[in-house]
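Order of the sequence lines fixes the chain letters, A, B, ..., with proteins taken first and strands second; residue numbering starts at 1 for each chain.
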There are 2 protein chains.
Amino acid sequence: MTDTPKLAGPSVRAVPEGDDRLRLMCPDCGYVAYENPKIVVGSVALLDDRILLCRRAIEPRKGYWTLPAGYLELGESAEQGALREAWEEARARLELEGLLAVFSIVRISQIQLIYRARLTSPSIAPGPESADVGLFAWDEIPWDDIAFPSVHWSLNRHREIGDAPLGNPGTNPESDTPGL
Amino acid sequence: MTDTPKLAGPSVRAVPEGDDRLRLMCPDCGYVAYENPKIVVGSVALLDDRILLCRRAIEPRKGYWTLPAGYLELGESAEQGALREAWEEARARLELEGLLAVFSIVRISQIQLIYRARLTSPSIAPGPESADVGLFAWDEIPWDDIAFPSVHWSLNRHREIGDAPLGNPGTNPESDTPGL
């Protein structure tokens with residue numbers, strides 16, 4: 001017996017018994033390291049009718065504008081994650097109103113949960129991953145410098161609903177919907 | 001040069017520069033293997049007013065009843081995953097109506113997306129992970145043999161809404177809501 005962990009050998013891609021997909025497996029013991037889609041949580045966060053956007057200080061899409069959003073962490077709820085991201089990226093404190101949209105970005109195996117939120121204070125400032133942050137009226141949004149398609153989708157969904165109560169969340173636009 | 005991949009050494013838990021959490025890292029090159037919550041997709045699937053349930057043939061909670069649901073796979077949309085699970089577990093074909101609920105099970109780092117759906121055919125049969133499947137009127141549901149709390153939550157949410165249009169999705173019950 002020793003404290004040194006056994007050195008891991010290379011894993012292999014194989015179909016476990018009873019499964020129907022290639023998985024990442026240990027060739028010795030059959031352990032399966034499942035790989036699954038990741039969850040992005042974020043928000044369309046409003047101060048009156050202005051929308052909080054962050055200019056990315058990091059790749060991908062450095063220099064472009066995005067919603068405060070990022071990967072959900074282990075051990076947090078979707079709502080906690082959306083609030084954390086708004087703080088990390090824009091030093092903004094929010095109150096969530098409900099789910100505005102749920103997008104499936106299958107190309108990169110990502111599910112995005114986008115909330116509608118209100119800033120509880122007008123104070124904002126760039127966090128470490130943002131070069132700049134701002135509150136934009138609809139006509140002031142830097143449309144040519146938006147980081148990701150799903151930012152457009154989220155903003156469009158917000159525009160559709162306006163101040164009405166949130167109904168069932170929006171999903172991918174028809175042109176970008178994986179077939180069922 | 002050789003075709004043999006370099007043997008991977010043990011990874012370490014460390015906080016990468018600019019991060020604030022312990023991550024699984026390669027001690028040599030600094031590669032970070034992020035660990036993130038997993039997504040479960042499922043449905044409250046109805047034939048008239050009866051609800052499709054599956055008796056689990058596998059652990060955990062073997063022998064208990066659950067909704068057709070399971071882990072979202074890489075490269076599929078949330079909707080595709082919910083339909084696939086209904087087929088895999090109950091050989092059921094569904095049409096999704098919208099999101100009934102989004103639950104955060106932080107103890108096991110799981111986000112559950114539960115749809116309301118209609119069976120497009122009354123034909124159902126146990127798939128490999130189910131010992132039995134059935135369509136249950138509300139009063140026939142095997143309440144004492146339900147596999148997971150979130151199955152109760154989903155059924156309760158369905159009961160609350162009834163046949164009304166789906167509004168914003170339900171979330172964890174108050175007693176089980178992680179603080180914000």
Answer yes if [X] and [Y] sit in the same cluster of Ile, Leu, Val, Met, Phe, Trp and Tyr residues linked by side chain heavy atoms under 4.5 Å apart, and no otherwise.
| X | Y | value |
| --- | --- | --- |
| A/F148 | A/W65 | yes |
| A/L100 | A/I141 | yes |
| A/V41 | A/L52 | yes |
| A/L46 | A/I114 | yes |
| A/F103 | A/V40 | no |

- Message: Can you confirm whether B/Y64 is buried at OH, in the sense that more than 12 heavy atoms of other residues, nucleotides or ligands lie under 6.0 Å from that atom?
- Response: no

- Item | Greater than 12 external heavy atoms within 6.0 Å of B/E140's CD | yes

Can you tell which part of [X] gets under 4.5 Å to a heavy atom of chain A, answering side chain, backbone, both or neither?
| X | answer |
| --- | --- |
| B/P128 | neither |
| B/T171 | side chain |
| B/R116 | neither |
| B/L113 | side chain |
| B/R84 | side chain |
| B/Y34 | both |

How many angstroms lie between atom [atom1] of [X] and atom [atom2] of [Y], to the nearest 0.5 angstrom?
| X | Y | atom1 | atom2 | value |
| --- | --- | --- | --- | --- |
| B/L72 | A/S104 | CG | OG | 7.0 Å |
| B/T177 | A/E79 | OG1 | CD | 8.0 Å |
| A/L74 | B/L22 | CG | CG | 11.5 Å |

- What residue in B/G98, B/G75, B/G18 has the most heavy-atom pairs under 4.5 Å with chain A?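 Going by pairs under 4.5 Å, I would pick B/G75.
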
- Message: Heavy-atom pairs under 4.5 Å with chain A - which of B/G81, B/S77, B/P37 has more of them than the others?
- Response: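 Going by pairs under 4.5 Å, I would pick B/P37.
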
- Task: Sort A/P178 into side chain, backbone, both or neither according to what part of it lies under 4.5 angstrom from a heavy atom of chain B.
- Result: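 Both backbone and side chain.
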
- Query: Does some side-chain heavy atom of A/D20 sit less than 4.5 Å from a side-chain heavy atom of B/E88?
  - Reply: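 Yes, their side chains come closer than 4.5 Å.
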
- Item | Test side chain to side chain contact (heavy atoms under 4.5 Å, CB included) applied to B/L99 and A/V102, step by step | CA-CA 9 Å; B/L99 262 178; A/V102 175; 3.6 Å; yes

- Query: Under the side chain to side chain contact (heavy atoms under 4.5 Å, CB included) criterion, do B/L83 and A/L180 qualify, and how do the steps go?
  - Reply: CA-CA 8 Å; B/L83 296 182; A/L180 292 184; 3.8 Å; yes

- Can a salt bridge be assigned to the pair B/E35 and A/K38 using a cut-off of 4.0 Å between side-chain N and carboxylate O? no

- Note on the structure: Highest number of heavy-atom pairs under 4.5 Å with chain B among A/V106, A/N168, A/I105 belongs to A/N168

- Query: Would B/I39 and A/N36 count as a side chain to side chain contact (heavy atoms under 4.5 Å, CB included) if you check the C-alpha gap in whole Å, the side-chain angles of each, and the deciding distance to 0.1 Å?
  - Reply: CA-CA 8 Å; B/I39 302 163; A/N36 295 93; over 6 Å; no

